[in-house]
Amino acid sequence: MIKFPSNFFWGAATSAYQVEGGNRNSDWWPWEKETGKVCSGEACRHYELYEQDFDLAKSLGHNAHRLSVEWSRVEPEEGQFSSKELEHYINVILALKKRGIEPVVTLHHFTNPIWFSRSGGWEDRRSVARFLRYCDYVVRALSPHVRYWITINEPTIFFSHAYLFGFWPPQARSFWRARAVHDNLIAAHVEVYRRIHRIYKAAGLLRPAVSLSQHVSAVVACRPDVRNNIAARLRDYWYNVELLDAVMRQKSMDFIGLNYYSRNLVDVTSWRMSSLMMETCQKGHHPVKRNSLGWDIYPEGLYQVLLKLKRYDLPVMITENGICTSDDNLRWEFLSGHLKNIHLAMGAGVKVTGYLYWSLLDNFEWDKGFTPRFGLINVDYATYQRTARPSAAQFARVSTTGVLE
Ligand code: IFM
């Protein structure tokens, strides 16, 4: 039996674009149509059904919930803010608070307003001031109700997928463009971090806790030869550590928001940069179970990552961890396996403050569409009917008692 602290945050995470539906002013919306990808469309209709979804979260014993504000709703045209949309997010936050659920609010989760993308996006140095202006507007309004903020979700995934590997809009494949975005995201995070603290201080509010959500994978050399070891070190630095180090140097993290999913099993066949950066074992060495997108299930990696983060000497909140699968027994195996490793890491001195499963609902998984099912709650996309999965009830037993049997 494993016991977690009584003040532990238990819950799930979502992001606006993936669940709300109807985000027409976001850059993903036209991109889906231009590229012939699956359209996010109505997504889960969470924009209308959020009360019902939070009732479910409450009934599942959640005491925290991570959500994001969709920038393109709040500022659909440059400098023109929508008080109606802001009001919506205030109501969403109040709906959580009414149910005794602590909101963890993300200000940027992959999507941008169309006007922003068309005027240089994150490559443009003006992006920092633009993002700050939007955050200022949102934070002033939500600050009386929110203590936990995530400035930017998975900045490393964002700039690599959108600017380096060309998977997501604007589908660039350029090291230098990605680098410019990387630098601007860091600057934006630091500015917003400072602005949030200033706003709370001026209003005499309790000190907020501000972070970003960093995607960290367990980088493991398949065979420990020189080339694999070097590639593993480089990858760990590029994808996991560099950005974290940069924001830490600027003292702009009150806790670490950690998104952990899988391992990266390094097996490189050449010294080419692309191999060093991306090549993984294709030979089925060290086999483990996988999720429906083919990602390795590797719970011990979470323990390894948490121990690495210990050097920053900050509390860690798991802001995402989850599995897409059609096998709900596997979901529980995944979840309980990761919880065990969190507990082990806590025993080894890592201060973990909460666990937010990705995701509360099945949702729009970006370029992969609606097929991957990450939810504790099944969404029937024909009727928008929600049904909690058995794993959600198993997780509820942990979240309500703090005990994992
Ligand atoms: O769905 C995404 C989320 O938007 C960011 N983190 C990873 C999840 C699963 O791919």
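Below, all heavy atoms of this structure are taken into account, side chains as well, without hydrogens, waters or symmetry copies. In listed order, ligands and their atoms are each counted from 1.
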At the 4.0 Å heavy-atom cut-off, does [X] count as touching ligand 1?
X	result
Trp295	yes
Asn153	yes
His109	yes

Contact partition for His215 relative to ligand 1, non-hydrogen atoms under 4.0 Å: neither
Heavy atom of the protein closest to [atom] (residue, atom name, distance):
atom	value
atom 5 (C) of ligand 1	Glu320 OE1, 3.2 Å
atom 8 (C) of ligand 1	Tyr261 OH, 3.4 Å
atom 10 (O) of ligand 1	Glu365 OE2, 2.5 Å

Shortest non-hydrogen contact from Arg99 toward Asp55: NE-OD1, 2.8 Å
Where ligand 1 meets Gln18 - atom numbers and elements under 4.0 angstrom, heavy-atom basis: 1 (O), 2 (C), 3 (C), 4 (O)
Sub-3.5 Å N/O-N/O distance, Asn259 and ligand 1: no
Polar proximity ligand 1 side, Asn363 side, N/O cut 3.5 Å exclusive: no
Whether Tyr193 side chain and Leu212 backbone form a donor-acceptor pair below 3.5 Å: no
Parallel, tilted or perpendicular: ring planes of His338 versus Tyr260, cut at 30 and 60 degrees: tilted
Side chain to side chain, Phe158 and Ile152, heavy atoms closer than 4.5 Å: no
Residue pair Glu191 / Phe131, side-chain heavy-atom distance below 4.5 Å: no
Cation-pi, Trp271 ring and Arg227 (6.0 angstrom, 45 degrees): yes
Charged tip of Arg73 within 45° of Tyr47 ring normal and under 6.0 Å: yes
